[in-house]
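This report refers to the structure that appears directly beneath it.
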Protein chains: 2
Amino acid sequence: MTEQQVGRRERKKAATRQAIADTALGMFLERGYDNVGIREVAQAADVAVTTVFAHFASKEALVFDRDQGLQERLIKAVTGHGARWSAPQALRDELHLMVGEFAGEQSTAFWRLVDSSTELRDYESKMWQRHADALAVAIATDRGRPTTTTTDKALARFVLGVFPLAREADDPAAAVDEIMDLVSAAWAAAA
Amino acid sequence: MTEQQVGRRERKKAATRQAIADTALGMFLERGYDNVGIREVAQAADVAVTTVFAHFASKEALVFDRDQGLQERLIKAVTGHGARWSAPQALRDELHLMVGEFAGEQSTAFWRLVDSSTELRDYESKMWQRHADALAVAIATDRGRPTTTTTDKALARFVLGVFPLAREADDPAAAVDEIMDLVSAAWAAAA
DNA sequence: ACGGTAACCCTAACGGTTAGGACTTCACAA
DNA sequence: TTGTGAAGTCCTAACCGTTAGGGTTACCGT
């Protein structure tokens with residue numbers, strides 16, 4: 001009698017999806033991304049290959065399963081900052097938090113996996129770019145525009161550039177500050 | 001007796017490469033990128049499939065054949081600007097020229113082709129990113145550093161972001177100015 | 001003139017991805 | 001309660017970009 005809002009069907013689907021993603025990530029971490037085929041993942045997860053692609057658009061998407069959360073945090077930083085902080089300030093804080101989390105135990109292994117494969121790195125870029133498009137909308141709103149201008153999109157891309165650069169920097173936190181200093185200057189110039 | 005510096009072998013290789021790229025681009029423009037397979041291109045160009053991949057690293061690379069020139073122009077703008085103009089100024093001028101060229105007769109059809117395919121758009125992003133890495137080195141030098149810092153890389157990425165954004169903007173020239181205003185502000189803040 | 005090698009060829013395969021079509025299981029209304 | 005439609009899954013066979021293996025020809029430098 002606790003939470004039966006979602007039917008069995010929906011629960012089963014979510015469970016299948018999770019099982020596939022977990023199985024795949026585990027195999028990738030253990031044996032290397034390129035050394036594990038989709039057919040193997042499907043077999044290990046005890047589903048058909050077509051089922052894998054019913055849940056994930058590509059092999060790479062198996063790895064970046066839960067990336068939607070990152071996007072939402074950025075959006076929230078821009079839309080939810082009070083009057084005390086400016087949007088760039090709020091973004092800087094949130095970015096520091098996010099980049100800091102990348103240093104965790106499991107995260108390190110995860111990002112090492114990503115770095116090991118060209119395809120995963122490419123997919124990562126595309127992911128940030130998707131997030132940049134969403135962030136541009138939030139920035140436009142924050143700057144009081146009904147629709148996104150070139151400036152908004154440029155600023156959003158600039159901000160999202162933090163992740164690749166921070167990951168490859170010796171001191172990620174310092175990289176965040178370096179880039180956000182530039183962003184703040186550009187943001188001010190746009191006002 | 002005019003210019004026999006290069007041997008027959010080298011000339012033939014270049015000719016083959018050119019023939020493949022021309023054939024492929026023609027077919028893509030006529031029938032659509034996704035509707036033309038590599039095997040077809042090879043047959044039409046009268047070469048083996050393996051020969052196609054001996055000259056081009058991927059199907060997408062067939063389309064972006066001569067992109068190296070763009071990169072060199074940007075580098076030259078940063079390294080070759082005199083004392084009269086700043087590097088951002090020189091970049092802005094060069095970008096205006098380059099973006100202007102995209103509006104030409106054949107260029108329009110070319111970019112429409114690129115826009116028609118997800119894979120080509122993705123490849124385009126990767127291409128700009130490659131150029132950004134090279135540009136970062138030039139920027140670092142211009143700013144008097146022996147090696148590229150996070151700031152240099154961020155600025156380079158920001159500049160290269162002009163192309164995708166200008167192409168999708170209603171007024172590409174205005175987009176260049178908008179973005180370069182931001183870049184100039186960031187550049188100044190970094191000094 | 002000749003040995004080495006660069007450019008090219010053919011065939012067969014690999015791995016991600018998708019189409020086609022069938023089967024089972026759940027949701028929901030009659 | 002039962003019937004019906006849709007959703008989730010399955011299997012098979014293929015498509016397409018890409019590569020490995022191994023061979024042939026044509027050019028270049030000595």
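Atoms considered below: every heavy atom in the structure, side chains included; atoms not considered: hydrogens, waters and symmetry mates.
- Distance check, rounded to the nearest 0.5 Å: CD1 of B:Ile75 to CD of B:Glu94 gives 11.5 Å.
- Between A:Thr16 and B:Glu60, the residue whose closest nucleotide on DNA chain D is further toward the 5' end is A:Thr16.
- If you check the side chains of A:His81 and A:Asp142, you find a donor sitting under 3.5 Å from an acceptor.
- B:Tyr33 carries B:Lys59 over the face of its six-membered ring, with the cationic atom under 6.0 Å from the centre and within 45° of the normal.
- The 12-atom threshold is exceeded at CZ of B:Arg73, counting heavy atoms of other residues, nucleotides or ligands nearer than 6.0 Å.
- For the ring-ring contact (aromatic ring centres under 6.0 Å, His included) with B:Phe64, the lone residue among B:Tyr123, B:Trp128, B:Phe28 that qualifies is B:Tyr123.
- Straight-line distance from the CZ atom of B:Phe56 to the P atom of D:dT19: 15 Å, rounded to whole Å.
- The CD-P distance, from B:Glu119 to D:dG17, rounds to 8 Å in whole Å.
- Distance B:Lys12 NZ to C:dT5 C1': 16 Å, rounded to the nearest Å.
- With respect to B:Asp152 and B:Arg145, no salt bridge is recorded, no charged nitrogen being found less than 4.0 Å from a carboxylate O.
- Cluster membership check: A:Leu165 shares its hydrophobic cluster with A:Phe102, using side-chain heavy-atom separations under 4.5 Å among Ile, Leu, Val, Met, Phe, Trp and Tyr.
- For B:Asp170, the CG atom sits in a loose shell: 12 or fewer heavy atoms of surrounding residues, nucleotides or ligands are nearer than 6.0 Å.
- Following rounding to the nearest Å, A:Arg11 (CZ) and D:dA7 (P) show an atom-to-atom distance of 19 Å.
- What separates CZ of B:Arg17 from P of C:dC8 is a distance of 11 Å, to the nearest Å.
- More than 12 non-hydrogen atoms from other residues, nucleotides or ligands lie less than 6.0 angstrom from CD of B:Glu101.
- Atom CD of B:Gln43 has 12 or fewer heavy atoms from other residues, nucleotides or ligands within 6.0 Å.
- Within a heavy-atom distance below 4.0 Å of DNA chain C, the residues of residues 45-55 of chain A found are A:Val49, A:Thr50, A:Phe53.
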For nucleotides 28-30 of chain D, print each protein N/O atom paired with a nucleotide N/O atom at under 3.5 Å, atom names and distance only.
from   : atom 1 : to     : atom 2 : distance (Å)
D:dC28 : OP1    : B:Arg8 : N      : 2.6
D:dC28 : OP1    : B:Arg9 : N      : 3.1

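- Within residues 28-43 of chain B, the residues approaching DNA chain D are B:Val36, B:Gly37, B:Ile38, B:Arg39, by heavy-atom distance under 4.0 Å.
- The side chain to side chain contact (heavy atoms under 4.5 Å, CB included) test with B:Leu74 singles out one residue from B:Val162, B:Leu160, B:Thr79, and that residue is B:Leu160.
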